[in-house]
Amino acid sequence: MQPLRKRFGIEADEEAKTYTTSIGFDWRLWPYDIQGSIAHAKMLGKQGIISEKEAELIVTGLTAIRDEIEHGTFELKAELEDIHMNIEARLTEKIGPIGQKLHTARSRNDQVATDMRLFLKDVIEETIGRLKHYQRALLDLAQANKEVIIPGYTHLQPAQPVLLAQHLLAYFEMAQRDIRRFQDCLERADELPLGSGALAGVPYNIDREFLAKELGFSRIAPNPMDAVSDRDFIIEYQAAASITMMHLSRLAEEIVLWSSAEFSFVEVDDAFATSSSIMPQKKNPDVAELARGKTGRVYGHLLGLLTAMKGLPLAYNRDMQEDKEGLFDTVDTLLPTLDVFAGLVRTLRVNAQRARAAAEGGYILATDLADYLVKKGIPFRQAHGIVARLVAYAIEQGKSFKELELKEYQEFSPHFEEDVRSITVEASVQARNPQVERALERARRLVEGEGG
Ligand code: ARG
């Protein structure tokens, strides 16, 4: 008979057991479960709820179990439902009936909430570290190509020439906001639920300050009913992860587009590309495509948990066990995506000539021509109209701005003079963006934690 079945006269239905068990995925909480239980046992001993000797025995037993798991000799049992019961049962097996005292003044409800917060705090640190790694790759690529000019787009139509560095720094900013969102999420995850019991608190003289200190939490959850049934911290992580994936997916889309034969602004390094099983000429940006695709499942997990939580009465409900697989998969998707993106970005080869040539096309200097007329005293709206007519004429003639004669310009406005030739993509970029070096330095300081 399983330890939890004593209330019932019969064994659980096999299918019901399989359906409710979570050991298949919550096993990965083991380091946090042991850490939480060690702190709890020490607290019980210190407070005289169990004897100091019993507490020591329990701590020794839990430490030995940690060793067993690390060495792969611990056998997980599906019939024991979850990681908490597995570890507790093994403890009693190892140290005898004293092991049964560990669960004094505790419920699996505050235990699992504590485990999840400990897990998530570690994961957030990891996530921020990987985001910085990815940011460094963006900066390295920007630095190595800091003079490269590309067409800037709106509506995916050539709009104005920009520096590639500026474009990459836009992704840096997105990642910077992502980091701040994860830091903010950490701030709320950093609260201790342990001591809340099943929902109503526990009738023992426990020391939660001690528990918080042992487990590295800055605050103690003030309301036990909220503490056992709050999963906001997981939802917040998933929301931040969704936004991060959305950002990566946008960059992925640009890498796919830019590495196409039609654009050819960049080439994905062979190490990050795949080829086709039928078309020998192909070099496919699968890494970027998969990142774009995987964004969908990360959004899905966010929606999944939001939906699972929306109708739950206070306090704990078993529905909450559904928080785990989605979160684990979110983490297992986001962290490798950040890692692979750092490599993909850092090794991108930029085709400066091709990008520069594209930045010449599409009458991309039209705004500069209008600004030129404004400097000669023409109101901007009028200048805009003159250049619009000039563009229509040039298209009709099949000529670029460069190829137009000065007298053709002058048919549209007498204010066009020889100096109209000084309007180049370089001059355009320079006029709008003289500070890219400073922007790169600021970004570098931010990522290395020296403020901005
Ligand atoms: N496996 C459960 C979960 O993940 C642990 C808590 C179980 N508590 C309970 N009262 N059944 O949520």
Side-chain angles (χ1 to χ4, degrees), residues 2-4 20-45 50 55 57-95 98-126 189-198 202 206 208 210-217 221 227-231 233-234 237 316 318 320-325 327-328 331:
Q2 303 166 55
L4 294 179
T20 51
T21 183
S22 55
I23 191 65
F25 46 86
D26 70 11
W27 59 267
R28 66 194 274 179
L29 293 174
W30 71 263
Y32 307 102
D33 201 68
I34 291 180
Q35 189 191 355
S37 288
I38 288 179
H40 185 67
K42 284 187 185 164
M43 186 278 290
L44 292 177
I50 62 176
L57 198 62
I58 291 175
V59 171
T60 313
L62 287 166
T63 311
I65 292 173
R66 178 188 281 154
D67 268 5
E68 287 180 10
I69 302 180
E70 272 167 3
H71 292 100
T73 57
F74 186 95
E75 199 203 327
L76 294 171
K77 299 195 177 118
E79 66 273 20
L80 291 176
E81 217 176 282
D82 57 26
I83 188 62
H84 325 293
M85 296 309 297
N86 265 272
I87 290 175
E88 198 188 312
R90 179 74 185 127
L91 180 70
T92 302
E93 223 171 76
K94 281 179 90 74
I95 68 168
I98 306 286
Q100 294 176 358
K101 295 198 172 188
L102 170 62
H103 213 50
T104 315
R106 186 176 78 170
S107 150
R108 270 189 302 161
N109 298 350
D110 57 351
Q111 185 181 359
V112 72
T114 304
D115 289 8
M116 289 300 274
R117 285 178 185 267
L118 286 169
F119 169 79
L120 202 73
K121 283 175 67 180
D122 270 5
V123 160
I124 293 172
E125 298 281 342
E126 282 277 316
D190 192 15
E191 192 168 286
L192 174 84
L194 203 57
S196 303
V202 293
I206 57 172
R208 296 184 77 197
F210 173 86
L211 286 173
K213 206 156 173 267
E214 280 289 296
L215 295 172
F217 285 101
V228 295
S229 66
D230 167 32
R231 295 295 182 271
F233 61 105
I234 299 177
Y237 181 89
Y316 178 85
R318 189 65 176 268
M320 289 172 186
Q321 180 168 294
E322 284 293 304
D323 61 356
K324 291 177 194 62
E325 284 163 290
L327 175 64
F328 294 157
V331 173

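Remember, it's a predicted structure, so these values are computed and weren't measured experimentally.
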Please round to the nearest 0.5 Å and tell me the distance separating atom CD1 of Ile50 and atom CG of Leu44. 5.0 Å

Does Glu88 come within less than 4.0 Å of Arg108, counting only side-chain N to carboxylate O? no

Evaluate the side-chain proximity of His40 to His103: yes if any heavy-atom separation is below 4.5 Å, no if none is. no

Taking every heavy atom of Gly197 against every heavy atom of Val202, the minimum-distance pair comes out as CA-CG1, 3.6 Å

Spacing of CD1 belonging to Ile234 relative to CG belonging to Asp323, to within rounding of 0.5 Å: 4.0 Å

Indicate yes or no: at least one non-hydrogen side-chain atom of Asp115 is less than 4.5 angstrom from one of Asp26. no

Taking the side chain from Ser229 and the backbone from Tyr316, do they hold a donor-acceptor pair closer than 3.5 Å? no

Test your reading of the model: is there a side-chain donor-acceptor pair from Asp110 to the backbone of Ser196, 3.5 Å cut-off? yes

If we only count heavy atoms from C-beta on, is the Thr73 to Asp67 side-chain gap below 4.5 Å? no

Working note: Arg117 + Asp230, criterion salt bridge (charged side-chain N to carboxylate O under 4.0 Å, His left out); need CA distance, chi angles, decisive distance, verdict. CA-CA 11 Å; Arg117 285 178 185 267; Asp230 167 32; 2.8 Å; yes

Side chains of Arg106 and Leu194, heavy atoms from C-beta outward: is any pair under 4.5 Å? yes

Looking at every heavy atom in both Gly36 and Leu215, which two are closest together, and how far apart are they? CA-CD2, 3.9 Å

Any non-hydrogen side-chain atom of Ile65 less than 4.5 Å from a side-chain atom of Trp30? no

Side chain to side chain contact (heavy atoms under 4.5 Å, CB included) assessment of Asp190 paired with Lys121: CA-CA 7 Å; Asp190 192 15; Lys121 283 175 67 180; 2.8 Å; yes

Side chain proximity check, Gln111 to Ser37, heavy atoms < 4.5 angstrom: yes

One should read off an interatomic distance between Leu192 CG and Glu214 CD, to the nearest 0.5 angstrom, of 11.5 Å

Measuring from atom CD of Glu322 to atom NZ of Lys324, what distance do you get when rounded to the nearest 0.5 angstrom? 9.0 Å

Using every non-hydrogen atom in the two residues, find where Ile69 and Ile34 come nearest and quote the distance to one decimal. CD1-CD1, 4.1 Å

Between Val59 and Ala41 the two heavy atoms that sit nearest each other are CG2-CB, 4.2 Å

Within-4.5 Å side-chain heavy-atom neighbours: Leu91 and Ile87: no

Straight-line distance of His84 NE2 to Ile23 CD1, nearest 0.5 Å: 8.5 Å

What distance do Arg66 atom CZ and Asp33 atom CG have between them, rounded to the nearest 0.5 Å? 11.0 Å

All heavy atoms of Ala227 vs all of Ala221, minimum pair found to be CB-CB, 3.6 Å

Would you say Leu118 and Phe217 make side-chain contact, with heavy atoms under 4.5 Å? yes

At their closest point, which heavy atom of Lys77 faces which heavy atom of Asn86, and how far apart are they? N-OD1, 2.7 Å

